> 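Pasting a structure below so you can have a look.
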Protein chains: 2
Amino acid sequence: MGLTKTEIFTEEQNQLATMLKAMAHPARIAILQSIIKANSCICGDLVDELGLAQPTISQHLRELKNAGIIQGTIEGVKVCYCIEPKAWNLLAKEMNVFFNSYQDPKGCC
Amino acid sequence: MGLTKTEIFTEEQNQLATMLKAMAHPARIAILQSIIKANSCICGDLVDELGLAQPTISQHLRELKNAGIIQGTIEGVKVCYCIEPKAWNLLAKEMNVFFNSYQDPKGCC
DNA sequence: ATAACGCATTGCAATATTACGATTAAATAA
DNA sequence: TTATTTAATCGTAATATTGCAATGCGTTAT
């Protein structure tokens with residue numbers, strides 16, 4: 001097989017999984033941290049900052065963009081990436097709800 | 001290639017990515033939600049609740065366990081899974097810090 | 001003892017991911 | 001126009017993931 005059975009899960013579960021999957025790679029975490037640290041866009045500086053080839057960075061950026069986490073704007077020859085506030089804040093809220101839905105044990109295991 | 005270049009990232013980035021990756025699947029999100037909802041352990045009920053084969057559930061449980069997110073206890077013939085509070089709370093805190101490290105735009109894109 | 005139950009493990013097929021060299025496309029500079 | 005720069009895309013190799021049937025392995029029931 002090799003393909004997830006998305007049809008048996010809720011829309012929320014699938015969407016959350018998609019967002020988390022987009023973040024679940026050290027390179028993409030590093031990219032997000034870089035973008036946030038710069039407090040604004042970042043472009044091909046990422047290729048220098050991280051030790052990955054340009055096509056690889058480009059591919060990671062596309063995945064983050066496809067997930068809706070970042071957005072890219074063309075600025076002349078360069079491209080400027082930044083966080084998509086809506087998606088970021090929504091994900092933050094959802095994860096917060098998820099984490100807080102668990103309260104320490106009440107007798108088990 | 002096909003393998004992540006973990007050596008060029010920090011320990012924190014790699015660990016966070018590993019935890020997120022463990023959660024980044026609808027079945028595993030569903031499993032965690034089920035475990036949390038039951039407020040205690042769950043066993044092979046998951047096989048009935050979700051529509052996946054027993055070996056598939058077992059595999060997902062193992063991944064969550066390997067990531068340290070859940071723990072399993074043998075109870076006679078059955079096995080009882082529950083959240084590993086330390087790892088859960090640590091991840092919650094780390095993600096919270098990460099999400100809050102971004103403040104809405106200040107001019108860009 | 002032996003049958004039944006619950007879950008883990010193995011093995012495999014289908015598909016996805018990661019990384020990068022080579023190339024292309026679009027914008028600016030000469 | 002022609003070069004240069006920047007980033008996306010294509011193609012490909014290596015590896016990982018997903019899902020399940022078949023099987024194995026303890027534990028309990030008969």
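Treat the numbers as computed from the prediction; the structure is a model and nothing was measured. Just so you know, these numbers use all the heavy atoms, side chains as well, and skip hydrogens, waters and symmetry mates. Convention: sequence-line order gives letters A, B, ...; per-chain numbering from 1.
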> Using a 4.0 Å cut-off on heavy atoms, which residues in residues 63-73 of chain A reach DNA chain D? List them by number, or say none.
none

> Could you check whether any side-chain heavy atom of A:Ile70 comes within less than 4.5 Å of a side-chain heavy atom of A:Leu32, counting everything from C-beta outward?
yes

> Quick check on DNA chain C: between B:Ile57 and A:Ile74, whose nearest nucleotide comes earlier from the 5' end?
B:Ile57

> Find the distance between CD (A:Gln103) and CH2 (B:Trp88) and round it off to the nearest 0.5 Å.
11.5 Å

> For D:dA8 and A:Tyr81 - does any side-chain N or O of the residue sit under 4.0 Å from the phosphate oxygens OP1/OP2?
yes

> Could you walk me through whether B:Asp104 and B:Tyr102 pass the side chain to side chain contact (heavy atoms under 4.5 Å, CB included) test, one step at a time?
CA-CA 7 Å; B:Asp104 275 11; B:Tyr102 169 73; 3.7 Å; yes

> Evaluate side chain to side chain contact (heavy atoms under 4.5 Å, CB included) for A:Gln33 paired with B:Phe98, printing each intermediate quantity in order.
CA-CA 8 Å; A:Gln33 287 174 334; B:Phe98 191 11; 3.9 Å; yes

> Could you state the atom-to-atom distance from CD1 of B:Ile42 to C1' of C:dC7 in whole Å?
15 Å

> Mind calculating the distance between CD (A:Gln59) and C1' (D:dA14) to the nearest angstrom?
14 Å

> Nearest whole Å is fine: how far is C:dT17 C1' from A:Leu52 CG?
14 Å

> Would A:Leu16 and A:Phe9 count as a side chain to side chain contact (heavy atoms under 4.5 Å, CB included) if you check the C-alpha gap in whole Å, the side-chain angles of each, and the deciding distance to 0.1 Å?
CA-CA 11 Å; A:Leu16 187 53; A:Phe9 303 107; over 6 Å; no

> Between the protein and nucleotides 22-26 of chain C, which nitrogen or oxygen pairs come in under 3.5 angstrom?
none

> Could you say whether A:Lys78 or A:Thr4 is positioned toward the 5' end of DNA chain D, judged by the nucleotide with the nearest heavy atom to each?
A:Lys78

> Rounding to a whole Å, what distance do you find between B:Asp45:CG and C:dG6:C1'?
11 Å

> Please enumerate all residues that pass side chain to side chain donor-acceptor pair (under 3.5 Å) together with B:Glu49, with sequence neighbours excluded.
B:Ser34

> Roughly how far apart are A:Ile69 CD1 and A:Ile35 CD1, rounded to 0.5 Å?
10.0 Å

> Counting only heavy atoms and a strict 4.0 angstrom limit, can you tell me which residues of residues 13-33 of chain B come near DNA chain D?
B:Lys21, B:His25, B:Arg28

> A:Phe9 CZ to D:dG19 P: how many Å, rounded?
6 Å

> Does C:dA8 have OP1 or OP2 sitting under 4.0 Å from an N or O in the side chain of B:Arg62?
no

> Would A:Met95 and A:Met23 satisfy side chain to side chain contact (heavy atoms under 4.5 Å, CB included), going step by step from the backbone distance to the final call?
CA-CA 13 Å; A:Met95 287 304 285; A:Met23 293 184 67; over 6 Å; no

> Look at B:His60 and D:dG19 and indicate whether a side-chain polar atom (N or O) is within less than 4.0 Å of OP1 or OP2.
yes

> Does a side-chain heavy-atom distance below 4.5 Å link B:Leu46 with B:Leu61?
yes

> OP1 or OP2 of C:dC20 sitting under 4.0 Å from any side-chain N/O of A:Thr56?
yes

> Just jot down the side chain to side chain donor-acceptor pair (under 3.5 Å) partners of A:Gln15, sequence neighbours excluded, or say none.
none

> Show me the pairs that pass side-chain hydrogen bond (donor to acceptor under 3.5 Å, both in side chains) and involve residues 20-29 of chain B, at least two apart or across chains.
A:Thr4-B:His25, B:Arg28-B:His60, B:Arg28-B:Glu63

> Find the distance B:Lys5:NZ to D:dA14:P and express it as a whole number of Å.
16 Å

> Would you indicate whether B:Leu90, at its atom CG, is surrounded by more than 12 heavy atoms from other residues, nucleotides or ligands within a distance under 6.0 Å?
yes

> For the side chain of B:Leu3, starting at C-beta, report the closest nucleotide among D:dT9, D:dT15, C:dA19.
D:dT15

